[in-house]
Amino acid sequence: MLSSLRSLTLVVSVAVTAVPALAYDTSATAAYVLDQGTGTVLLAKNADEALPPASMSKLMTLYVAFEALRDGRLTLNEELPVSQHAMSYKGSTMFLNTQDRVRVEDLLRGIIVLSGNDACAVIAEALSPDGTEAGFARYMTKRAQQMGMTNSTFANSNGWPAAGHRMSVHDLALLANKLITDFPEYYPLFSEKKFAFDGRAPSNTQNRNPLLKLSIGADGLKTGHTSEAGYGLVGSAKQADRRVIFVLSGLSSNAKRAEEAEAIVNWSFRHFSQKTVARADTPVAQAKVWMGSEQSVGLVPAEDLSLLLPVLSDRTIKAEVVYNGPVNAPVVKGQKLAELVLKPEGLPEIRRPLVAATDISSGGFLVRMKAVAQVLMKQLSDNPSGAL
């Protein structure tokens with residue numbers, strides 16, 4: 001082939017306008033807000049800083065327990081013994097003792113609704129590779145890495161203050177998203193407001209999530225508090241077809257956590273909406289075709305492309321179509337040829353594939369001769385001496 005591939009960047013205008021998203025001014029030490037359906041990050045503050053997560057790290061214990069239930073290594077009706085180590089935990093507990101054998105389902109509710117430190121330890125010792133909570137924590141750290149949670153290390157199963165027990169708010173949001181999507185059969189447990197286990201702890205029967213009592217679509221996940229970590233919350237809310245997942249850490253009080261969490265949910269739903277910016281039947285650009293029956297081919301998204309954008313709008317979204325070209329014929333309809341790069345102001349860059357809108361067959365003899373002649377003419381113009 002006489003022509004070498006060259007990288008082309010085409011700038012196109014997309015018929016949607018948007019103003020920059022106003023960054024939410026949160027008082028949390030770290031925060032992360034994710035629109036689940038589109039994957040749009042609406043807010044990120046100190047998102048990848050490894051911080052003490054307090055009881056929010058119980059979500060990792062729950063994820064591992066749900067995996068064990070799915071794989072048949074645990075059953076909901078199975079009864080687990082309580083060790084002296086598990087019984088020794090203070091703070092929020094189910095008031096378990098070494099004479100107890102507790103159903104797994106009760107332990108899960110004890111973790112989710114009551115934030116039971118002892119319940120976490122019972123689950124941990126049952127699933128630990130070596131039968132200890134420390135061994136379970138090492139397994140959780142390894143499993144978190146496998147799941148892409150690169151700023152998480154665990155020293156125990158429940159978030160009890162310990163050196164090296166850390167998670168980022170980004171990791172916590174990733175974990176919350178996986179709990180919701182991987183285990184929808186267990187997710188309703190997170191919306192339970194009350195669990196009175198065996199009548200033992202009348203002062204600890206209420207879910208600490210302050211949003212569950214509000215009519216804003218909140219349905220999970222987990223609060224956390226220690227003197228080192230401050231007050232935090234991993235939360236999720238669904239309104240209509242949209243779900244938002246958010247994480248707040250380092251707030252100064254229980255009241256401030258409740259106030260900030262409600263404000264974050266309202267901001268996420270009120271100030272952003274989903275809009276279609278490109279349709280699968282409408283080319284957004286043309287790619288040049290080498291030695292084809294046509295000189296170019298339309299580039300379209302494989303499916304209608306919707307983005308989450310600020311509600312108020314008065315600016316055009318910046319967009320680029322990037323491809324290596326010219327594209328060699330033949331071209332098959334639906335063949336991936338390019339990438340659409342969208343740059344909404346105030347939001348992360350978004351990349352989506354573009355495909356060929358139609359088939360383009362190889363050109364005949366005259367087309368090939370014309371293409372060769374064009375290359376030769378260009379070489380001569382670039383090198384007038386004629387030294388090819």
Side-chain angles (χ1 to χ4, degrees), residues 21-36 38-63 112 115 140-141 143-156 158-162 164-182 190 208-211 218-237 243-254 256-269 272 308 346-348:
L22 298 175
Y24 186 84
D25 187 18
T26 179
S27 59
T29 301
Y32 195 84
V33 182
L34 173 72
D35 181 81
Q36 187 194 47
T38 62
T40 306
V41 178
L42 303 182
L43 176 66
K45 177 182 179 181
N46 297 326
D48 293 311
E49 184 177 348
L51 300 168
S55 287
M56 294 185 291
S57 63
K58 288 181 170 79
L59 293 176
M60 189 63 194
T61 295
L62 289 164
Y63 189 88
I112 293 170
S115 198
M140 284 205 304
T141 299
R143 185 72 186 95
Q145 293 290 321
Q146 294 170 345
M147 293 164 61
M149 298 160 60
T150 57
N151 293 296
S152 294
T153 55
F154 301 95
N156 54 56
N158 49 34
W160 192 261
H165 192 92
R166 296 290 186 269
M167 296 185 78
S168 68
V169 293
H170 186 181
D171 283 358
L172 281 163
L174 186 156
L175 177 57
N177 188 36
K178 290 188 73 65
L179 281 164
I180 294 168
T181 57
D182 293 354
F190 289 95
R208 293 166 174 77
N209 188 335
L211 301 186
D219 55 10
L221 297 161
K222 190 75 190 71
T223 60
H225 170 250
T226 64
S227 57
E228 180 186 20
Y231 290 82
L233 173 62
V234 181
S236 184
R243 177 177 289 281
V244 168
I245 295 167
F246 64 94
V247 186
L248 301 171
S249 180
L251 291 159
S252 59
S253 68
N254 187 25
K256 187 63 179 175
R257 174 173 64 190
E259 174 188 330
E260 195 78 355
E262 182 179 4
I264 281 282
V265 170
N266 288 332
W267 172 77
S268 300
F269 285 113
F272 297 90
L308 195 72
L347 292 173

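Predicted model, so just to flag it, every value in this text is computed and none were measured.
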- Audit row: Val33, Tyr24, side chain to side chain contact (heavy atoms under 4.5 Å, CB included) steps and yes/no: CA-CA 10 Å; Val33 182; Tyr24 186 84; over 6 Å; no
- Kindly determine whether Asp219 and Arg243 satisfy salt bridge (Lys or Arg N to Asp or Glu O under 4.0 Å), including the steps that lead there. CA-CA 10 Å; Asp219 55 10; Arg243 177 177 289 281; 2.9 Å; yes
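In this structure the side chain of Leu42 reaches within 4.5 angstrom of the side chain of Leu308, judged on heavy atoms. Counting heavy atoms from C-beta on, the side chains of Ser55 and Thr223 never come closer than 4.5 Å. When side chains are defined from C-beta on, Pro53 does not count as touching Val234, because their heavy atoms never get closer than 4.5 Å. The closest side-chain heavy-atom distance from Thr61 to Asn158 is not below 4.5 Å. Two residues are said to be in side-chain contact when any heavy atoms from C-beta on lie closer than 4.5 Å; Glu259 and Lys256 meet this criterion. You'll find the side chain of His170 stays beyond 4.5 Å of the side chain of Asn151, heavy atoms only.
Side chain of Lys222 to main chain of Met56: no donor-acceptor pair is present (N/O by atom type, distance under 3.5 Å, no hydrogens or angles). Between the side chain of Ser249 and the main chain of Ala30, no donor-acceptor pair closer than 3.5 Å is present. Arg257 places a side-chain N or O within 3.5 Å of a backbone atom of Gly224 that can act as its donor or acceptor partner.
Partner Asn209 forms a side-chain contact (heavy atoms from CB on, under 4.5 Å) with one of Leu221, Leu233, Ile112 and no other, that one being Leu233.
For Ile180 against Ser236, the heavy-atom pair with the smallest separation is CD1-OG, 3.7 Å. Considering all non-hydrogen atoms of both residues, Val247 and Ala173 come closest at CG2-N, 3.6 Å. Ala237 approaches Phe269 most closely through the heavy-atom pair O-CZ, 3.5 Å. Of all non-hydrogen atoms in Asn177 and Gln36, the two that sit nearest each other are OD1-NE2, 2.8 Å. Between Ser152 and Ser168, the closest heavy-atom pair is OG-N, 4.4 Å. Taking both residues in full, the closest heavy atoms of Thr26 and Ala31 are given as CG2-CB, 4.0 Å, listed atom of the first, atom of the second, then distance.
Atom OG of Ser57 sits about 12.0 Å away from atom CG of Asp171, to the nearest 0.5 Å. The distance from the CE atom of Met149 to the CE atom of Met60 is 5.0 Å, given to the nearest 0.5 Å. To the nearest 0.5 Å, atom CG of residue Leu43 and atom CG of residue Asp35 are 13.0 Å apart. The structure places CE of Met147 at 6.5 Å from CG of Leu174, a figure rounded to the nearest 0.5 Å. From Tyr231, atom OH reaches atom CG of Leu248 across 14.5 Å, with rounding to the nearest 0.5 Å. The CD atom of Glu260 sits 10.0 Å away from atom CZ of Phe246, with the distance rounded to the nearest 0.5 Å.
The aromatic rings of Phe154 and His165 lie perpendicular to each other, with more than 60° between the two planes, well past the 30° mark. The aromatic rings of Trp267 and Phe272 sit perpendicular, their planes meeting at an angle over 60°, well past the 30° parallel limit.
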